[in-house]
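Here is the structure we will look at, set down as structure tokens.
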Amino acid sequence: MPTTAADSPLHRFAEIALPLPLPRPLHYRIPEGMVGRLAIGDRVLVPFRRGQEIGYCVGFVPFPEVDPAKVKEVARRLDEAPIVGEKLLALTRWIAEYYGCSWGEGIEAALPAGVRKVAARRTVSYLRLLLPPEETRTRFLSDVDVKPPTERVIRYLLEAGEAVPLADAMGRLALSISPFRTLAKRGALAIERRKVESDPYRDAPIPHHPPPVLNAEQAAALAAIGAAVDSAAFKVFLLFGVTGSGKTEVYLQAIGRVVARGAQAIVLVPEIALTPQTVGRFRARFERVAVLHSHLTEVQRGDEWRRIQSGEAQVIVGARSAIFAPCRRLGLIVVDEEHEPSFKQGNTPRYHARDVAVVRGKLESAAVILGSATPALESWHNAQTGKYALLSLPRRVEDRPLPPVEVADMTCEHRGAVGTPFLSHRLEAYARQAMAAGEQAIFFLNRRGHATVITCPKCNYAHRCARCSVALVFHKRAHIALCHQCGWETRPPTVCPECKGTNLQYLGLGTERIEETLKQLFGDAAVERMDSDSMRTRSAYDRVLGGLLTGDVDFVVGTQMVAKGLDFPNVTVVGVIAGDAALFHEDFRAAERTFQLITQVAGRAGRGEKGGRVVVQVMNPQHFSIRRAVAHDYEGFATEELAHRREFGYPPYGRLARVLVQAKVEAAAQAGAERLAALLRGPAAAAKAEVLGPAPCSIAVIKGRARWHVLVKAANAAALAAVLAGARAELRGELKGLRGVEVALDVDPVSIL
Ligand code: ADP
Ligand code: ZN
């Protein structure tokens with residue numbers, strides 16, 4: 001393939017990929033002055049329909065597929081040099097084919113906004129409250145039923161307690177600029193431009209420790225990975241190591257080998273684990289670390305991008321999208337906690353960063369390490385069949401024991417007036433002992449807020465979102481009933497809107513309620529909460545994590561945030577509240593999620609010399625995922641669960657795709673889903689695949705849009721691709737004759753709610 005038009009004098013036409021749902025790149029004439037200059041990977045401006053679009057040059061052709069006289073001309077080259085390298089082009093092309101989006105959409109997903117923009121700005125808009133908190137509260141928060149967006153803004157800023165970037169607030173609250181402008185006009189806040197500050201992670205203190213001497217299993221793992229790294233060979237390793245077995249240390253030393261050869265390494269961690277503590281471990285070992293996290297401004301992101309492109313950054317640590325970091329010479333990709341569902345992108349293209357990592361490793365002859373204490377069954381299966389090399393770390397470092405895990409059967413716990421309805425007696429007793437000994441306890445619950453349903457026992461009314469088919473969650477501190485799907489909120493009712501009953505019940509558990517319970521039970525305990533409501537700023541993190549180190553904090557209650565990556569030697573007790581809540585989801589991965597969650601959270605206990613213990617509160621103590629998690633028996637769990645998967649042809653024994661159809665009118669969503677199912681049935685029969693549905697999704701409405709879906713289940717990826725190919729155009733968004741129907745394709749879905 002010639003890389004510039006000059007290489008091939010005949011090539012006066014370029015293939016331009018547009019980030020739109022189009023079946024293929026479009027052909028454009030290269031203007032006289034651009035021949036020989038336009039290169040593959042260039043960003044260009046081209047006429048499209050009635051306007052102009054930014055696109056990417058992905059190839060050259062001698063003749064366009066339509067009449068040359070009708071082909072439009074490239075309007076402008078936007079940069080001095082190509083913005084997408086050859087390898088990234090190949091990777092995004094694979095993404096487009098595999099996940100069923102256009103090549104341009106794939107490229108767009110791989111480029112951060114700061115790089116895509118023509119000129120990124122050096123200043124950023126910040127929001128600052130103008131009045132003291134009390135005055136702000138009385139003047140700008142009302143008591144009306146349906147809260148206007150302006151009140152959400154005020155509460156967000158009050159909780160942050162400091163100036164926050166406008167873009168962050170807009171993103172978090174899913175709002176347009178207008179409520180912010182309204183509030184500025186009313187004198188509540190100022191929108192001010194500030195110089196972009198350096199990345200907040202950069203100034204994190206860096207404790208320098210000499211690397212520990214590896215134990216025998218770690219050394220064996222490093223030797224295997226090192227051999228692949230030194231010979232620059234593509235090879236995928238599944239590093240299966242229990243929590244605290246020293247996986248991170250193996251990554252660090254493997255990266256050391258890569259850096260010594262002058263190559264770069266990418267480390268992917270789940271967004272929620274991208275804490276100063278995690279990043280600090282990499283900064284303590286390597287001088288030039290680039291960090292890509294979601295709180296970077298566009299400018300900061302652009303700066304990091306250039307440091308990576310120039311080869312200055314040796315190690316790139318980031319969440320999902322860091323898999324597209326434009327490394328000059330990639331030697332190793334690490335995917336830590338590879339089983340995490342957050343590696344899957346939630347909108348088009350719905351790629352899985354772990355799977356993209358494997359493809360990228362292959363394209364660039366790099367080694368790939370997938371690390372986990374609870375590997376995804378897909379990865380485990382690949383290791384069993386020899387596709388991945390299995391490396392095991394079965395013991396914790398320095399032979400520290402795994403913490404004993406005890407089950408509290410909540411169906412038998414005393415629920416009388418004097419009892420403690422949310423904490424088992426056992427967990428309460430352990431927490432008391434820990435506190436007396438000056439040690440700390442972590443309580444995990446995968447739900448924010450205070451009560452998860454507000455109901456009327458008289459008429460069975462449940463307070464629901466006006467736009468989604470879910471119950472509103474009561475947030476006591478903010479005093480709102482909030483939709484966790486779409487952010488809509490109202491004032492919590494005091495009388496039943498249906499029957500005017502005054503006996504409304506606030507049921508179900510959230511982190512706020514556990515926090516409150518702990519404060520009531522342990523009068524003088526210092527309790528902190530870690531969830532996305534309370535952790536809006538870096539200083540909030542620092543306060544809690546610092547408190548855990550110094551012992552100023554006794555108990556931390558939190559969501560996923562406490563389940564990942566925290567490594568505090570003084571945490572001796574871990575409580576998992578509602579440890580089997582995920583079992584009630586209609587998802588074939590429910591057992592796997594339950595096992596993973598319990599194991600991960602339990603892994604936060606006893607990481608120091610003092611040891612630790614774990615209590616898991618459940619309603620189904622007999623379920624195999626609970627029994628195996630209690631026994632620290634991943635392999636036993638995997639064997640049992642794989643038998644179920646095989647029986648029903650679920651991954652890893654088959655491949656799934658989900659076609660999600662949404663529309664304002666339910667009948668339209670249903671009609672669309674039926675049409676797609678009918679279209680897919682023929683190719684499915686030919687490929688011996690199954691079409692399941694159409695059926696309404698478990699969450700039947702989100703943001704006023706009815707949701708239906710169709711599942712395709714095939715024996716392998718090739719069969720699945722063959723089925724989907726039968727409806728390519730329809731799966732890309734256009735359903736003829738059905739207006740307002742949106743179709744989204746999700747290959748290898750991680751959630752089918
Ligand atoms: P994992 O990533 O498997 O949870 P880590 O790599 O975080 O485990 O290791 C747990 C702790 O043990 C860390 O504090 C780490 O510095 C320490 N550690 C790792 N390897 C060794 C070793 N070989 N000897 C002593 N300490 C180690
Ligand atoms: Zn909603």
Side-chain angles (χ1 to χ4, degrees), residues 146-147 149 152 173-174 207-222 238-256 267 269-270 273 275 277-282 284-285 317 334-340 369-375 391-403 449 462-473 475 480-490 549 563-571 599-609 612 632 634 699-707:
V146 176
K147 305 285 184 189
R152 293 171 52 207
L173 300 170
H208 271 275
H209 298 298
V213 178
L214 298 183
N215 63 32
E217 288 96 0
Q218 285 175 311
L222 181 66
L238 178 61
L239 182 60
F240 166 48
V242 299
T243 55
S245 60
K247 292 185 290 296
T248 310
E249 190 54 44
V250 172
Y251 307 152
L252 287 165
Q253 300 204 17
I255 295 168
V267 182
V269 301
T275 60
Q277 201 188 17
T278 309
V279 173
R281 289 184 73 177
F282 291 88
R285 208 59 77 75
V317 184
V334 175
V335 184
D336 188 29
E337 312 275 14
E338 63 87 33
H339 62 277
E340 264 296 303
I369 309 176
L370 310 179
S372 178
T374 53
L391 304 170
S392 293
L393 306 179
R395 300 178 291 143
R396 278 191 161 178
V397 294
E398 297 179 326
D399 278 319
R400 281 172 206 151
L402 281 166
H463 202 47
R464 303 177 82 85
C465 178
R467 311 195 289 175
C468 310
S469 57
V470 297
L472 294 176
V473 176
H475 285 243
I480 48 167
L482 177 73
C483 174
H484 283 193
Q485 288 297 332
C486 75
W488 190 80
E489 58 181 60
T490 67
L549 271 182
K564 312 264 177 280
L566 294 189
D567 187 5
F568 289 97
N570 224 14
V571 171
T599 306
Q600 295 293 336
V601 185
R604 302 306 117 211
R607 294 175 76 93
E609 277 146 22
H632 301 291
Y634 173 81
I699 304 178
V701 185
I702 292 182
K703 284 195 187 175
R705 303 185 74 77
R707 308 167 79 239

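All values reported here derive from a predicted model rather than from experimental measurement. Each ligand, and each atom within it, is numbered from 1 in the order the structure gives.
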Considering all heavy atoms, the nearest Trp488-Arg467 contact: CD1-NE, 3.9 Å
Heavy-atom closest pair, residues Pro403 and Arg396: CD-NH1, 3.6 Å
Heavy-atom side-chain proximity of Gln253 to Pro211 below 4.5 angstrom: yes
Per atom 7 (O) of ligand 1, closest listed option by heavy atom (Glu249, Glu337, Arg281): Arg281
Of the listed options Val397, Thr243, Asp336, closest to atom 12 (O) of ligand 1 (non-hydrogen atoms): Val397
Nitrogen or oxygen of Lys247 less than 3.5 angstrom from that of ligand 1: yes
Polar atom proximity, Arg400 to ligand 1 (N or O, under 3.5 Å): no
Gln218, portion touching ligand 1 at heavy-atom distance under 4.0 Å: side chain
Under-4.0 Å heavy-atom contact with ligand 1, by part of Ser245 that carries it: both
Contact check, Gly241 vs ligand 1, heavy-atom distance below 4.0 Å: no
Close approach of Val242 to ligand 1, heavy atoms, under 4.0 angstrom: yes
Under 4.0 Å from any heavy atom of [X], which atoms of ligand 1 are there?
X: Gly246; result: 1 (P), 3 (O), 5 (P), 6 (O), 8 (O), 9 (O), 19 (C)
X: Asn215; result: 23 (N)
X: Val213; result: 22 (C), 23 (N), 24 (N)

Closer than 2.8 Å to the Zn ion (ligand 2) - protein N, O or S atoms, ordered by chain and residue number: Cys465 SG, Cys468 SG, Cys483 SG, Cys486 SG
Residues forming a ring pair (Phe, Tyr, Trp, His ring centres under 6.0 Å) with Phe282, sequence neighbours excluded: none
Set of residues satisfying salt bridge (charged side-chain N to carboxylate O under 4.0 Å, His left out) with respect to Glu249, sequence neighbours excluded: Arg285
Pairing residues for Arg395 by the salt bridge (charged side-chain N to carboxylate O under 4.0 Å, His left out) criterion, not counting sequence neighbours: Glu217, Asp399
Short side-chain to backbone donor-acceptor contact, Tyr634 and Val242, under 3.5 Å: no
